[in-house]
Amino acid sequence: MKLLKFQASWCQPCKVLTSILNTMQIPFPVEVIDADENKDMLQKYNVRSIPVLILLDENNNEIDRLTGSTTKDKITALLNKGTNHAE
């Protein structure tokens, strides 16, 4: 399992998301991807707006994603999908 976090330094919702994530225990590695510097990753994962959280399984297949401003509860639900998927 891995969590991809697409963001940019100028993105205010990205900063809010970072603040939320910093208060949480994430049970998977988090790979932070700067959208301005990684256009190929944006295309690979079909990211059209930021911030985006994409949960990947052990084979790098997408389990689910959250796009835009979100809540701690929605992030927790996303992470639980990964925890349940691993069992």
Side-chain angles (χ1 to χ4, degrees):
M1 294 292 158
K2 177 169 51 174
L3 187 65
L4 302 181
K5 178 183 169 219
F6 288 85
Q7 65 178 27
S9 60
W10 48 264
C11 170
Q12 191 59 39
C14 298
K15 294 175 185 176
V16 173
L17 177 60
T18 297
S19 295
I20 294 170
L21 290 174
N22 286 341
T23 68
M24 301 177 72
Q25 284 195 318
I26 311 296
F28 319 112
V30 178
E31 183 177 336
V32 178
I33 300 160
D34 186 302
D36 292 327
E37 296 177 5
N38 294 286
K39 303 290 185 192
D40 57 329
M41 292 289 282
L42 295 176
Q43 289 180 343
K44 178 178 179 178
Y45 289 99
N46 198 28
V47 173
R48 298 183 185 273
S49 63
I50 54 173
V52 175
L53 292 175
I54 301 176
L55 183 63
L56 302 176
D57 68 13
E58 57 280 347
N59 297 313
N60 288 326
N61 296 313
E62 183 174 330
I63 295 172
D64 202 358
R65 71 172 59 199
L66 290 173
T67 302
S69 298
T70 192
T71 64
K72 189 172 185 175
D73 288 342
K74 288 181 181 177
I75 296 168
T76 299
L78 176 72
L79 297 174
N80 286 340
K81 288 180 182 180
T83 303
N84 294 336
H85 186 81
E87 295 175 355

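Taken together through direct or relayed side-chain contacts under 4.5 Å among Ile, Leu, Val, Met, Phe, Trp and Tyr, I75 and I63 form part of one hydrophobic cluster. Linking Ile, Leu, Val, Met, Phe, Trp and Tyr whenever their side-chain heavy atoms come within less than 4.5 Å puts V47 and L56 in one cluster. W10 and V32 fall into different hydrophobic clusters, where Ile, Leu, Val, Met, Phe, Trp and Tyr side chains are chained together by heavy-atom contacts under 4.5 Å. V52 and L66 fall into different hydrophobic clusters, where Ile, Leu, Val, Met, Phe, Trp and Tyr are joined by side-chain heavy atoms under 4.5 Å apart, directly or via other members.
Partners of T71 under the side-chain contact (heavy atoms from CB on, under 4.5 Å) rule, at least two apart in sequence or in another chain, are D73, K74. The side-chain contact (heavy atoms from CB on, under 4.5 Å) search around V16 returns Q12, I20, not counting sequence neighbours. Every residue two or more places apart in sequence or in another chain was checked for a salt bridge (charged side-chain N to carboxylate O under 4.0 Å, His left out) with D57, and none qualifies. In this view, T76 and M24, K72, N80 satisfy the side-chain contact (heavy atoms from CB on, under 4.5 Å) rule, not counting sequence neighbours. K15 meets the side chain to side chain donor-acceptor pair (under 3.5 Å) test with no other residue; sequence neighbours excluded. Residues passing the side chain to side chain donor-acceptor pair (under 3.5 Å) test with N60: none are found, sequence neighbours excluded. Not counting sequence neighbours, the partners of N22 by the side-chain contact (heavy atoms from CB on, under 4.5 Å) test are T18.
Shown here for I50 and Q7, the closest heavy-atom pair between the two residues is CD1-C, 3.9 Å. Between R65 and L78 the shortest heavy-atom distance is N-CD1, 4.0 Å. The minimum heavy-atom distance linking I33 with M41 is given by the pair CD1-CE, 3.5 Å.
The stretch residues 6-37 participates, sequence neighbours left out, in these disulfide (SG to SG under 2.5 Å) pairs: C11-C14. Residue pairs satisfying the disulfide (SG to SG under 2.5 Å) criterion with at least one member in residues 34-81, sequence neighbours excluded, are absent. Within the structure, salt bridge (charged side-chain N to carboxylate O under 4.0 Å, His left out) contacts touching residues 20-37 (residues at least two apart or in different chains) are K2-E31.
Contact of the L55 side chain with the F28 side chain is registered, since non-hydrogen atoms from C-beta on lie closer than 4.5 Å. L42 places none of its side-chain heavy atoms less than 4.5 Å from the side chain of N38.
The only member of V30, L79, T67, L3 that meets side-chain contact (heavy atoms from CB on, under 4.5 Å) when paired with L53 is L3.
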